Amino acid sequence: MKPAPFEYHDPRAVGDAVELLARYGDDAKVLAGGQSLLPMLNLRLARPAAIVDINRLPGLDTLRETDGRLSAGALLRQRALERWASGRAPILAAALRLVGHAAIRNRGTVGGSLAHADPASELPALLLCLDGSVVARSRGGERVIPATDLFRGPLTTSLRPDELLTETRWRIPEIDEGWGFHEVARRHGDFALVGVAALVALGGGRIERARIALFGAGPAPSRAEAAEQALVGQRPDPALLAEAARAGAEGLDPQADIHASGRYRKSVARTLMARALSDALRRAEAHDR
Ligand SMILES: Cc1cc2nc3c(=O)[nH]c(=O)nc-3n(C[C@H](O)[C@H](O)[C@H](O)COP(=O)(O)OP(=O)(O)OC[C@H]3O[C@@H](n4cnc5c(N)ncnc54)[C@H](O)[C@@H]3O)c2cc1C
């Protein structure tokens, strides 16, 4: 199948791109890596009047590290972030390795994955886990949207149609933070049925900090705050991890689809949470003071 007809624009300046978005509003779609948008156009699930191709915009594929924080331009390819992360943020590298296949990550962008907001996507959950945010630019100026306010539901964010996502910001995990990342997918490269990212730091044998994010377990990525609360201040042991995973999965109400029932996803989320926490603690123990 082929897309419905559309006007094609490839602006050369961010200001021109946001002018186009302001002009077309809901009738325009931004084209970044095209790995999600093109299938939707071909299947006519999206029929925009105009495409605003941002691939020729300068300065949107940057990668900068300052004071423990990472800034990645919206157009940075997922593969470029993966290469950086394999040295500096192994939890992010582990997540990115499971985003489709290398060919998809060579084209797919960091901003595109966040703007697309598939509930089963790895990067939105990582943005939550790493206290991240995005910068959105419109004709009216810029605003910073924390990850906690960005993801509203399946393929739905708080970005307005006249806003271009220009930058993504992430906390880089500290050296003493242990990490765990697990997902279950039917085949390598498929979207996950469910996945969990966990970060844990220890001090004096007790859990000082815990961050857990889930994907594929609801309409949008979420933090397992009940599990985090069950862990902080405690001395880790297998019973504590099992109890935290139970608490973290308790309120979940995952969607059912042709691949899995909601009940199955909830049960897998609990198991993966326990595994991710166990990995994170094992790695954190090496740095416990
Ligand atoms: C076979 C296959 C398997 C895949 N498996 C996975 C997987 O396991 N995990 C996963 O997370 N993803 C997976 N993907 C999706 C892939 O990660 C996409 O790259 C990503 O979802 C979208 O990024 P993109 O740059 O290609 O965006 P595009 O497809 O160009 O755009 C996607 C959406 O985001 C909007 N958008 C893009 N950039 C911006 C911006 N800067 N500002 C505002 N809006 C913007 C577009 O308008 C569109 O609505 C898979 C894709 C394929 C084809």
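For ligands, and for the atoms within them, numbers begin at 1 and follow the listed sequence. This structure is a prediction, so every number in the text was calculated from the model and none was measured.
- Arg152 is not listed as a side-chain neighbour of Thr157, based on a closest heavy-atom distance of 4.5 Å or more.
- Of the N and O atoms on the side chains of His259 and Asp190, not one donor lies less than 3.5 Å from an acceptor on the other residue.
- What sits closest to atom 44 (N) of ligand 1 on the protein, heavy atoms only, is Ala115 CB, 3.6 Å.
- To the nearest 0.5 Å, atom CG of residue Leu150 and atom CG of residue Leu159 are 5.5 Å apart.
- Annotation for ligand 1: atoms under 4.0 Å from non-hydrogen atoms of Asp190 are 8 (O).
- Taking a 4.0 Å cut-off on heavy atoms, Leu164 registers as neighbouring ligand 1.
- Near Gly108, the atoms of ligand 1 lying under 4.0 angstrom from a non-hydrogen atom of the residue are 19 (O), 25 (O), 26 (O).
- Of all the heavy atoms of Glu122, the ones lying under 4.0 Å from any atom of ligand 1 are found in both the backbone and the side chain.
- Between Leu165 atom CG and Ile145 atom CD1 the span is 7.0 Å, to the nearest 0.5 Å.
- Heavy atoms of Leu98 approach ligand 1 to within less than 4.0 angstrom.
- Among protein heavy atoms, the minimum distance from atom 2 (C) of ligand 1 is reached at Ile104 CD1, 3.3 Å.
- Of all protein heavy atoms, the one closest to atom 11 (O) of ligand 1 is Ser121 OG, 2.6 Å.
- In this structure, Leu60 falls outside the shell of residues with a heavy atom less than 4.0 angstrom from ligand 1.
- By heavy-atom distance, the residue among Pro161, Gly33, Gly100 lying nearest atom 5 (N) of ligand 1 is Gly100.
- The one candidate from Phe191, Phe151, Phe181 that meets the ring-ring contact (aromatic ring centres under 6.0 Å, His included) condition with Phe215 is Phe181.
- Side-chain atoms of Arg77 and Arg105, non-hydrogen and from C-beta on, never get closer than 4.5 Å to each other.
- Considering each of Gln78, Gln35, Glu163, Glu183, the one bringing a non-hydrogen atom nearest atom 17 (O) of ligand 1 is Gln78.
- Protein heavy atom in closest approach to atom 41 (N) of ligand 1: Leu165 O, 2.9 Å.
- The nearest protein atom to atom 21 (O) of ligand 1, hydrogens excluded, is given as Ser36 OG, 2.7 Å; this is a heavy-atom distance.
- Of the polar atoms of Leu38, none of the N or O atoms is found under 3.5 Å from an N or O of ligand 1, judged by distance alone.
- In terms of protein heavy atoms, atom 46 (C) of ligand 1 is closest to Val30 O, 2.9 Å.
- Here the straight-line distance linking atom CG of Asp162 with atom CZ of Arg23 works out to 14.0 Å at 0.5 Å rounding.
- Nearest-residue assignment for atom 25 (O) of ligand 1 (options Thr109, Thr157, Val134; heavy-atom criterion): Thr109.
- Here the NE2-OH distance, from His9 to Tyr24, works out to 3.0 Å after rounding to the nearest 0.5 Å.
- In this structure, Ile54 has a heavy atom closer than 4.0 Å to ligand 1.
- Residues Leu272 and Leu193 share a single hydrophobic cluster, defined by chaining ILVMFWY side chains whose heavy atoms lie under 4.5 Å apart.
- Within the model, atoms CG of Leu98 and CD of Glu183 stand 4.5 Å from one another, a figure rounded to the nearest 0.5 Å.
- For the ligand labelled ligand 1, residue Met40 lies outside the 4.0 Å heavy-atom shell.
- Residue Gly34 places at least one N or O, backbone or side chain, under 3.5 Å from an N or O of ligand 1.
- Counting heavy atoms from C-beta outward, Pro48 and Leu41 have side chains that approach closer than 4.5 Å.
- Of all protein heavy atoms, the one closest to atom 49 (O) of ligand 1 is Lys29 NZ, 3.5 Å.
- Considering backbone and side-chain N/O of Val99, none are found under 3.5 Å from N/O of ligand 1.
- Residues Leu126 and Trp170 are in side-chain contact: their nearest non-hydrogen atoms beyond the backbone lie under 4.5 Å apart.
- Under the 4.0 Å criterion applied to side-chain N and carboxylate O atoms, Glu163 and Arg143 are assigned as salt-bridge partners.
- Distances below 4.0 Å separate heavy atoms of Gly189 from the following atoms of ligand 1: 3 (C), 5 (N), 8 (O).
- Atom CG of Leu199 and atom CZ of Arg209 lie 9.0 Å apart (nearest 0.5 Å).
- In this structure, atom 27 (O) of ligand 1 lies nearest to the protein heavy atom Gly112 CA, 3.6 Å.
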